[in-house]
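Chain letters run A, B, ... following the sequence lines, proteins first and then strands; every chain starts at 1.
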There are 2 protein chains.
Amino acid sequence: MENNHKHFKTPSPCNCLNIRRASRAVTHFYDKILQPSGLTISQLSLLKHLKQVEPITISELANIMRIDRTTLNRNMKSLVDHGLITITPGQDPRTRQVMMTSKGTATVNNASQLWDKAQASVKDYLGETDLAILVKLLSKLEALVP
Amino acid sequence: MENNHKHFKTPSPCNCLNIRRASRAVTHFYDKILQPSGLTISQLSLLKHLKQVEPITISELANIMRIDRTTLNRNMKSLVDHGLITITPGQDPRTRQVMMTSKGTATVNNASQLWDKAQASVKDYLGETDLAILVKLLSKLEALVP
DNA sequence: GTTATCCGTGTGTATATGCACGTATGATGA
DNA sequence: TCATCATACGTGCATATACACACGGATAAC
């Protein structure tokens with residue numbers, strides 16, 4: 001008989017620690033699968049969002065991604081260095097316009113195939129029902145902070 | 001009638017991004033509440049674990065906390081600087097012995113009262129049933145990575 | 001039009017995370 | 001004994017996160 005409880009690790013009494021651990025594990029899982037693409041899940045997420053809304057300013061992209069503006073700013077650095085995106089002055093001189101390069105598009109397309117596998121693995125692992133429950137709980141948790 | 005869906009934010013199609021966002025939000029929630037204690041939830045977690053098993057070596061503590069050894073190493077630095085813990089040579093000269101100071105004990109006791117509030121808030125927010133479901137799903141997710 | 005305010009951005013600082021590599025020491029085996 | 005292996009640790013590097021602050025430009029108030 002299958003020993004199912006091997007899949008579980010003893011949770012902490014701290015709710016926060018539990019979600020932080022799970023977040024680290026899932027991030028590691030995705031990063032490992034994405035490794036051949038040269039992108040982390042954080043970077044792929046950035047590129048995927050950008051692909052849908054480019055050209056866009058930094059602050060607007062940060063809003064859409066629901067991430068801190070300055071964090072996004074720094075996370076873009078390596079993508080610029082690798083020639084995946086460009087940052088140019090916007091029409092309003094205060095703003096900066098973020099766009100994907102063709103290399104960026106190619107990279108995200110390649111990485112997306114790996115991402116699909118990771119997504120499918122998680123779905124298989126949790127099952128569709130539990131995954132849906134998880135997503136709902138996580139989105140509620142995210143709203144814990146306004 | 002209560003408008004419950006205000007509590008939710010649109011989830012991403014990416015399972016990983018969802019848990020990362022939730023993790024950031026919950027961490028921020030705890031850190032804010034813990035702020036008067038001068039500790040982050042990460043630091044409090046370290047001290048709480050240490051309190052239960054001290055004296056202990058760095059690698060053993062890392063194992064118990066299920067965190068990377070080198071991450072733990074660096075996270076301890078500020079706690080040493082603030083005089084909350086001490087790191088001394090262990091009996092096996094390769095090892096280092098981590099212990100709490102009296103100031104560390106006092107600080108963790110103080111912070112734990114704030115932590116109780118954060119825990120209660122989350123329990124109230126999700127409800128006991130959903131929280132139990134969440135904890136189970138998170139512990140399974142953590143096991144996604146061996 | 002000048003002043004006050006708001007907005008978009010960049011950077012300093014701090015924490016958090018973990019991989020790769022090097023070093024020192026204990027343990028083991030020939 | 002000495003060579004090999006395993007263990008414990010520290011550090012360089014890279015990424016991720018976000019708060020506080022400053023700067024410059026747009027916009028509104030008057």
For the pair made of [atom1] in [X] and [atom2] in [N], what is the distance, rounded to whole Å?
X: B:Lys77; N: C:dG18; atom1: NZ; atom2: C1'; answer: 16 Å
X: A:Asp31; N: D:dA16; atom1: CG; atom2: C1'; answer: 11 Å
X: B:Asp68; N: D:dA16; atom1: CG; atom2: P; answer: 17 Å
X: B:Glu60; N: D:dC9; atom1: CD; atom2: C1'; answer: 13 Å
X: A:Arg24; N: C:dA16; atom1: CZ; atom2: P; answer: 11 Å
X: A:Asn63; N: D:dA18; atom1: CG; atom2: P; answer: 13 Å
X: A:Leu79; N: D:dA14; atom1: CG; atom2: P; answer: 15 Å
X: B:Glu142; N: C:dT17; atom1: CD; atom2: C1'; answer: 15 Å

Between [X] and [N], is there a contact of a side-chain N or O with OP1 or OP2 at under 4.0 Å?
X: B:Ser59; N: D:dC9; result: yes
X: A:Ser42; N: D:dT15; result: no
X: B:His28; N: D:dC19; result: yes

Categorize [X] for me: base, sugar-phosphate, or nothing, with a 4.0 angstrom heavy-atom threshold over every strand shown.
X: A:Thr27; value: nothing
X: A:Arg74; value: base
X: A:Thr40; value: sugar-phosphate
X: B:Thr71; value: base
X: B:Asn73; value: base
X: B:Arg21; value: nothing
X: B:Lys32; value: nothing
X: B:Thr95; value: sugar-phosphate

Just so I know, are the side chains of [X] and [Y] near enough to count as touching, which here means a heavy-atom distance under 4.5 Å?
X: A:Tyr30; Y: A:Leu44; value: no
X: A:Leu61; Y: A:Val53; value: yes
X: A:Leu79; Y: A:Leu50; value: no
X: A:Leu72; Y: A:His49; value: no
X: A:Arg20; Y: B:Ser42; value: yes

Take B:Arg69 and B:Arg94, find for each the nucleotide of DNA chain C with the closest heavy atom, and name the residue whose nucleotide sits nearer the 5' end.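 First, find each residue's nearest nucleotide; the 5'-ward one identifies B:Arg69.
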Select from B:His82 and A:Asp92 the residue whose nearest nucleotide in DNA chain C is closer to the 5' end of that strand. A:Asp92
Using the side-chain heavy atoms of B:Thr70, tell me which of these nucleotides is nearest: C:dA16, C:dT9, C:dA20.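 Ranking C:dA16, C:dT9, C:dA20 by closest atom to the B:Thr70 side chain puts C:dA20 first.
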Just by distance, do the side chain of B:Tyr125 and the backbone of A:Lys140 share a donor-acceptor pair under 3.5 Å?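 Yes, because the side chain of B:Tyr125 sits within donor-acceptor range (under 3.5 Å) of the backbone of A:Lys140.
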Report the residue (A:Asn75 or B:Met76) whose heavy-atom-nearest nucleotide on DNA chain D is the more 5′ of the two.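 Mapping each residue to its closest nucleotide by heavy atoms, the 5'-most match is B:Met76.
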Donor-acceptor pair under 3.5 Å: do we get one between B:Arg96's side chain and the base of D:dG10? no
